There are 2 protein chains.
Amino acid sequence: MNAPLPPPPWRRATRTPRRQLTTETIVDTALSVLSAEGPDAVTMRRIAHELDTGPGSLYAHVQDKRELHELMLDAAMRVVETPEPDPQNWRTQLKQLCLEQARVLTETPGIAQIAMETLIPTTPGILVAMDGMLGILRCSGIPDDRIAAAGDMLALHVTAYAYEASLWQSPSGQSDEAHRRLGQIGDYLQSLPADQLPNLKAMNHAMLHGTEPDHFEFALDVFIAGLAAHADVRP
Amino acid sequence: MNAPLPPPPWRRATRTPRRQLTTETIVDTALSVLSAEGPDAVTMRRIAHELDTGPGSLYAHVQDKRELHELMLDAAMRVVETPEPDPQNWRTQLKQLCLEQARVLTETPGIAQIAMETLIPTTPGILVAMDGMLGILRCSGIPDDRIAAAGDMLALHVTAYAYEASLWQSPSGQSDEAHRRLGQIGDYLQSLPADQLPNLKAMNHAMLHGTEPDHFEFALDVFIAGLAAHADVRP
DNA sequence: ACCTGAACACCGTTCAAGT
DNA sequence: ACCTGAACACCGTTCAAGT
């Protein structure tokens with residue numbers, strides 16, 4: 001009940017150069033919490049706690065939870081390198097770039113979910129990625145207005161795939177859930193008379209046991225083949 | 001401060017046949033709240049309030065908020081009719097079905113968001129929709145394992161497109177946000193020196209003013225053209 | 001200017017208690 | 001069996017007060 005003692009002088013040393021809060025440290029902390037414990041753990045309060053401060057402090061450096069998400073996505077996507085467009089190889093380059101972007105989005109589970117929620121991104125790193133995609137597409141011989149459409153839809157597909165794929169990965173804890181549901185569908189199909197959902201029953205094995213990455217690569221092949229066909233029409 | 005009077009007998013009449021809580025009424029209420037006020041308004045508490053009860057009451061009929069979402073999606077998707085597959089017209093049928101599914105998912109803003117979050121759906125209505133898609137794809141001459149991949153990716157694309165498209169629609173209140181961001185990108189591109197993001201700068205007009213539905217239809221055409229090419233290879 | 005942390009207005013879910 | 005609503009353990013964001 002006495003007045004608290006003044007802190008011993010050697011404590012001041014660790015106190016004074018107290019790590020300053022920065023947008024960057026906040027984003028880094030958020031990313032490490034994300035990759036360690038999944039999307040649900042990334043709360044303003046949790047990040048603040050990790051930085052030994054109160055939740056309010058973050059709002060001096062970040063406008064929103066939404067803006068923080070966007071900054072996290074930007075930081076994650078900056079590692080994607082875009083190749084110099086080569087008109088001879090646009091098909092291969094396009095596929096490689098999509099696979100690379102999907103890889104980065106899938107690497108940190110949870111970042112794809114943020115990417116899906118953050119549509120129409122305004123952040124430099126993501127614009128660079130989109131620019132690289134457009135650069136390759138411009139070598140394909142497709143008219144300009146179609147290039148916009150193709151880039152838009154390709155980016156959407158990569159993001160959506162990465163989002164779906166990341167549900168099979170662990171630390172968000174939804175992984176078992178995903179497998180459980182596959183089992184449910186299998187059981188349900190078995191329980192059904194032959195004339196209900198006939199196609200799903202017939203394809204049971206291929207649907208439930210095909211792997212996502214294979215499906216994605218197939219979709220890229222199909223999409224690029226279709227683009228090439230469209231380019232041939234107007235040479 | 002007296003003990004409360006017993007209720008007059010005519011009140012009992014309105015009380016006793018009190019509308020029973022049902023899974024169905026809960027789902028219907030949730031859907032009407034969703035279409036009236038957007039996804040953020042669909043909370044367990046709000047739905048309970050709408051049905052004149054406490055939040056806990058819902059858990060007798062619905063396991064989870066997640067399960068409620070899935071039931072909402074199922075109810076919404078049940079209106080999609082799948083055509084009898086016609087081997088002569090599989091391209092047109094496939095495109096029509098995708099457009100129809102996208103239309104339904106976009107019609108009630110917010111339902112596409114639920115669809116995106118509810119992956120690997122186990123619910124009858126959605127399985128029926130998938131079965132119809134597979135039925136058409138089986139007419140295309142593509143080998144079975146590719147059909148699974150094609151159906152999977154096509155469904156993913158439709159869902160992702162509908163999700164993105166619904167951001168431009170109103171009552172969730174994010175509509176203005178979307179337009180504001182488009183303006184931000186435009187301003188940002190203008191402020192950049194010519195050698196940064198060159199492709200995005202060159203395509204500024206086409207990228208920012210192309211409409212989503214056009215892009216989606218183009219993507220469907222490209223994808224179906226690619227599928228046809230794959231079918232030709234193995235006749 | 002930056003930081004603090006209490007306060008506000010919410011969440012989903014659980015559970016003892018009622019009918 | 002179904003329903004209730006208080007209670008629990010959280011959220012994001014704001015804001016007066018401190019340094």
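We name chains A, B, ... by the order of the sequence lines, and we start the count at 1 in each one. Every value quoted in this text rests on a predicted model; they were computed, and no experiment measured them.
Panel note: side chain B:Q196, backbone B:L192; no donor-acceptor pair is recorded below 3.5 Å.
Closest approach to the B:H61 side chain among D:dC3, D:dG12, C:dT4 is made by D:dC3 (side chain taken as heavy atoms from C-beta onward). For A:R45, whose side chain is taken as the heavy atoms from C-beta onward, the closest listed nucleotide among C:dC3, C:dA7, D:dA7 is C:dA7. For A:P55, whose side chain is taken as the heavy atoms from C-beta onward, the closest listed nucleotide among C:dT4, D:dT13, C:dG12 is D:dT13.
Between the CG atom of B:D40 and the P atom of C:dG12 there is a distance of 11 Å, given to the nearest Å. Atom CD1 of B:I47 and atom P of C:dC11 are 11 Å apart (whole Å). A straight line from CZ of A:R46 to P of D:dG12 spans 12 Å, rounded to a whole angstrom. Taking atom CG of residue A:D64 and atom P of nucleotide D:dC11, one finds them 17 Å apart after rounding to whole Å. For the pair A:L58 CG and D:dG12 P, the computed distance is 10 Å after rounding to whole Å. For the pair B:L68 CG and C:dG12 P, the interatomic distance rounds to 10 Å; values are reported in whole Å. Rounded to a whole Å, the CE atom of A:M44 is 15 Å from the C1' atom of C:dC3. Atom CG in B:L51 sits about 16 Å away from atom P in D:dC2, given to the nearest Å.
In this structure B:E117 satisfies the salt bridge (charged side-chain N to carboxylate O under 4.0 Å, His left out) test with no other residue, sequence neighbours excluded. For B:D74, the salt bridge (charged side-chain N to carboxylate O under 4.0 Å, His left out) partners two or more places apart in sequence, or in a different chain, are B:R78. For A:R103, the side chain to side chain contact (heavy atoms under 4.5 Å, CB included) partners are A:E100, A:E107, not counting sequence neighbours. For the side chain to side chain contact (heavy atoms under 4.5 Å, CB included) test, residues two or more places apart in sequence or in another chain that qualify with B:P213 are B:Y161, B:T211.
Between A:L127 and A:T122 the shortest side-chain heavy-atom distance does not fall below 4.5 Å. Between B:L68 and B:M44 there is a side-chain heavy-atom pair separated by less than 4.5 Å.
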Could you list all N or O pairs between the protein and nucleotides 17-19 of chain D that sit under 3.5 Å apart?
none

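Under the 30°/60° scheme for interplanar angles, the aromatic rings of A:F223 and B:F223 are found to be tilted.
With a cut-off of 3.5 Å on both pairing distances, the Watson-Crick and G-U wobble pairs of DNA chain D assemble into stems of 3 or more at C:4-8 with D:12-16, C:12-16 with D:4-8.
For the side-chain contact (heavy atoms from CB on, under 4.5 Å) with B:H61, the qualifying choice from B:T25, B:L21, B:V27 is B:L21, the only one to do so.
Separating the P atom of D:dA9 from that of C:dA9 is a span of 23 Å, rounded to the nearest Å.
When each of B:A60 and A:V42 is assigned the nucleotide of DNA chain D with its nearest heavy atom, B:A60 is the one assigned upstream, toward the 5' end.
The side chain of A:Q20 places an N or O atom within less than 4.0 Å of a non-bridging phosphate oxygen (OP1 or OP2) of C:dC3.
Looking at A:E70 and A:R66, no side-chain N of the basic residue comes within less than 4.0 Å of a carboxylate O on the acidic one, giving no salt bridge.
Note on A:S57: a base of the nucleic acid sits closer than 4.0 angstrom, heavy atoms only.
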